[in-house]
Amino acid sequence: VEHGQIIHNCLVLKTDCCPSIYTSRKNIEFVFAPELKQIHEDRMFCDTDIKNVYMPKLSAISGTYCFDQTKLMKLDFPSLKTIDGRVFGMNNFERVNLPSLLTMTNVNQFFGCSKLKYFEAVNLQLIGSNCFGQCVSLKVVNAPKAQIGSSAFFQCKKLEVLVARDNDFYCNCKVCPKCKRMLEKCFLNGKLFTEMGIHGKIRIKCISIQKEELKKFLEKQQNLVLVGELLKKFAELEKFVLKFCQVDVYE
Ligand SMILES: [Zn+2]
């Protein structure tokens with residue numbers, strides 16, 4: 001197999017850097033690039049039918065619109081540390097986890113990913129400006145080390161859970177939690193989300209067992225107001241866990 005060859009809709013790239021551009025090519029569904037480390041070309045895979053890639057060493061994408069408007073259903077980039085500009089705009093994936101991502105430069109990195117529900121990048125330092133602009137389904141953002149760039153959640157009207165380093169950013173979209181003065185609630189949900197951890201499904205079971213035991217114990221107690229309050233708290237917690245586990249974010 002030669003470098004650049006396409007076999008059964010799979011593009012094979014053998015080098016650590018590649019200057020070719022495959023914009024709008026409809027005969028590529030997979031890219032096998034085991035040595036690829038950097039992408040500098042703008043629009044390299046823009047507007048293609050690419051569904052999946054194997055790029056375990058890819059650490060930097062500086063080409064804008066590189067993976068814009070593809071058919072990627074998940075982002076499997078375990079080594080990706082930096083992205084520059086609108087790299088993953090207008091895609092249909094629902095979940096993103098970029099464990100190595102450290103920096104986003106420029107703007108619009110995930111612009112218009114209208115199905116994106118869940119974003120996680122635990123090492124990210126900065127969420128770029130307008131990063132999630134018009135990501136209208138975005139519900140959970142887990143980036144505990146990240147500062148937030150201006151208008152990062154522009155028109156993200158469904159954002160409910162936010163784990164990030166600060167809440168000081170500009171926005172005037174009028175519909176995001178920041179504009180609706182609901183950001184504190186998002187951070188509070190974020191705190192619960194972090195405490196819940198990735199074992200949310202196990203927690204549901206634990207909470208219901210705890211609740212039953214607590215109920216039995218409390219039934220024997222005198223203070224009925226306290227009993228009611230505690231049961232209410234448990235019910236809220238259970239509702240929260242159920243809600244965010246059903247997003248299917250842990251699969
Ligand atoms: Zn806003």
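What you are looking at is a predicted structure, and each value in this text was computed from that prediction instead of being measured. Atoms within each ligand, like the ligands themselves, are counted from 1 in listed order.
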Cluster link Phe187 to Leu192, ILVMFWY, side chain under 4.5 Å:
no
Pairs flagged by side-chain hydrogen bond (donor to acceptor under 3.5 Å, both in side chains) wherever residues 68-81 is involved - sequence neighbours left out
Asp49-Lys71, Asp68-Arg86, Thr70-Asn91
Would you mind counting protein N, O or S atoms that sit less than 2.8 Å from the Zn ion (ligand 1)?
4
Decide, yes or no, whether a salt bridge links Lys115 with Glu94 under the criterion of side-chain N to carboxylate O below 4.0 Å.
no
Nearest-0.5 Å distance, CD1 of residue Ile83 to CG of residue Leu80:
6.5 Å
Between Phe88 and Phe77, is the ring centroid distance below 6.0 Å?
yes
With a 4.0 Å cut-off, would you call Arg25 and Asp47 a salt bridge?
no
